[in-house]
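All remarks here apply to the structure that follows.
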Amino acid sequence: MNTQDLVDTARKMVANDKGLLAMDESNPTCNKRFAKLGIPLTVEARRAWRELIVTTPGLGESISGAILYDESIRQQKKDGTPFVKVIADAGIIPGIKVDTGAKDLAGHPGEKITEGLDGLRDRLAEYFQMGARFAKWRAVIAVGDGIPSRGCIGANAQALARYAALCQEAGLVPVVEPEVLMEGEHSLGRCGEVTEEVLRTVFMELYTQRVMLEGMILKPNMVLPGLTCPKQATVDEVADATVRCLLRAVPAAVPGIAFLSGGQPSEMASARLNAMNVRFKSRLPWALAFSFARAIQQPAMEIWRGKESNVLAAQQALSHRARCNRAARRGEYDAATDQDISATTLSPKS
Ligand code: 13P
């Protein structure tokens, strides 16, 4: 392991107000999103969608790293250029999702454990060889009556830490993603309590497994009320609750925190990230960035709908969302302008 390379890569991933683009949906997840829009559920449609993303003009101005999936890291543009090369040529660091998905946790109804540790050392070596310089592993934590349990939090935190240690051994920066889900009626306060407990447990396990904090990125959820909670929160309340929780639980040695979007509407994710940076940026030890999938891709996918004639308009929408999130990192995101642009020039055509 070259420690300095890890530190440099982690810093680059959150430098210049840029963020990560998660385009690492597994085939079943990608197909689910395609099915809703009537896009064929084929290898070729997934390849074409990923080609549209990686060839978006100017993407590297807002995106520092792109997370691929095992299928897409092996794919090429129509002209034969590997996606990894297209990404790297655009100044974007290639990354790779390496977990193999969340399965039911035995003895814990309603809870999941993320799998993928078996054989991971060999897979990481192959991905490094292919050009990846960072990796991602997502753990999911559901909130409900009597959950999350200590067993679920502990098992997922330990798996995240073992994954992270293996990544650093292989020269890949681990993106450590413990996601507290939005589904449920729980309050903003409850999400804050759960998120804090999860993060404290994750960092204890990272310490136990000797993970170098300067060479990793944390990818957490924002602290939000459950989707069906009767009392929803303002943008500023979310910003305050999220930053309070992170300040309590995330060591200052971590260079960057890149939020997942978790199914929030795209504009809302940008507005909340913006509020955190407006209110707290000058007082924080780490960069507050983004690592969004849906909040960057969704509007573009709704325009594309699998049609070649919609590619340019979809790329404009993708580029627009990436730029909005870069502005949010600077605390310069303007929700009113965003809505005007989205409503006029970027709305889906039939
Ligand atoms: P969303 O931004 O759609 O939550 O996806 C982020 C991600 O990479 C989930 O693992």
Side-chain angles (χ1 to χ4, degrees), residues 13-14 18-34 36-37 49-50 53 62-73 92-103 112-116 132 134-143 156 159-160 163-164 167 173-183 191 195 198 202 216-224 226-227 238 242 256-273 288-302 317-318 321-322 324-326 328-329:
M13 289 164 70
V14 290
K18 298 183 195 180
L20 307 178
L21 167 60
M23 46 181 293
D24 61 331
E25 297 80 9
S26 63
N27 292 347
T29 302
C30 188
N31 285 347
K32 220 187 305 167
R33 292 183 190 158
F34 278 11
K36 282 194 185 141
L37 297 170
W49 173 241
R50 269 71 186 245
I53 295 177
S62 317
I63 299 297
S64 55
I67 315 173
L68 298 164
Y69 178 58
D70 187 71
E71 178 177 85
S72 49
I73 199 170
I92 297 172
I93 307 169
I96 179 77
K97 182 232 286 293
V98 300
D99 67 71
T100 55
K103 311 285 158 53
K112 304 267 183 200
I113 177 71
T114 300
E115 296 187 345
F134 71 98
K136 186 194 96 172
W137 177 292
R138 171 176 179 254
V140 290
I141 309 289
V143 184
N156 276 293
L160 276 166
Y163 137 84
C167 283
V173 170
V175 172
V176 173
E177 181 179 8
E179 175 174 3
V180 176
L181 296 171
M182 284 162 66
E183 282 74 22
C191 179
T195 304
V198 168
V202 166
M216 64 161 276
I217 299 291
L218 178 71
K219 175 164 173 167
N221 51 284
M222 294 183 190
V223 173
L224 302 168
L227 281 174
V238 168
T242 304
I257 296 177
F259 293 103
L260 59 95
S261 59
Q264 302 173 61
S266 304
E267 292 86 359
M268 195 63 95
S270 303
R272 288 164 169 165
L273 178 62
L288 282 188
F290 56 92
S291 176
F292 297 157
R294 282 164 286 182
I296 294 180
Q297 291 186 46
Q298 195 57 32
M301 194 186 282
E302 286 169 15
L318 191 86
R321 286 260 56 86
C324 281
N325 290 312
R326 185 168 188 227
R329 280 208 55 191

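In each ligand, atom 1 is the first atom listed, and ligand 1 is the first ligand listed. Basis for what follows: all heavy atoms, side chains included, without hydrogens, waters or symmetry-related copies. By convention here, the first residue in the shown sequence is residue 1.
Looking from atom 5 (O) of ligand 1 to the surrounding protein, the closest heavy atom is A293 CB, 3.2 Å. Protein heavy atom closest to atom 2 (O) of ligand 1, with residue, atom name and distance, is S261 OG, 2.4 Å. Distance from atom 7 (C) of ligand 1 to its nearest protein heavy atom, with residue and atom name: K219 NZ, 3.2 Å. From the protein, the heavy atom lying nearest to atom 9 (C) of ligand 1 is E177 OE2, 3.2 Å.
Here the rule is side chain to side chain contact (heavy atoms under 4.5 Å, CB included) with W137, and of T100, L160, V176 only L160 fits it.
Residue contact check: A22 has heavy atoms under 4.0 Å from atoms 8 (O) of ligand 1. Each of the atoms 2 (O) of ligand 1 lies under 4.0 Å from some heavy atom of F292.
The backbone N or O of F292 lies less than 3.5 Å from no partner atom in the side chain of Q297, so there is not a single donor-acceptor pair. The backbone N or O of D70 lies less than 3.5 Å from no partner atom in the side chain of D24, so there is not a single donor-acceptor pair. The backbone N or O of P178 lies less than 3.5 Å from no partner atom in the side chain of K219, so there is not a single donor-acceptor pair. Within the 3.5 Å criterion, the main-chain N or O of V223 finds a donor-acceptor partner in the side chain of T242.
Of the listed residues (G262, A269, G263), the one carrying the non-hydrogen atom nearest atom 4 (O) of ligand 1 is G262. Distances from atom 3 (O) of ligand 1 to the heavy atoms of Q264, Q297, M182, R294 show the closest one on R294.
Contacts of E179 with ligand 1, taken as heavy-atom pairs under 4.0 Å, are absent altogether. For K136, every heavy-atom contact with ligand 1 shorter than 4.0 Å involves the side chain, none the backbone.
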Salt bridge (charged side-chain N to carboxylate O under 4.0 Å, His left out) between E25 and R50, intermediate numbers included: CA-CA 11 Å; E25 297 80 9; R50 269 71 186 245; 3.1 Å; yes

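Taking CD1 from I296 and CE from M23, the interatomic distance works out to 11.0 Å, rounded to the nearest 0.5 Å.
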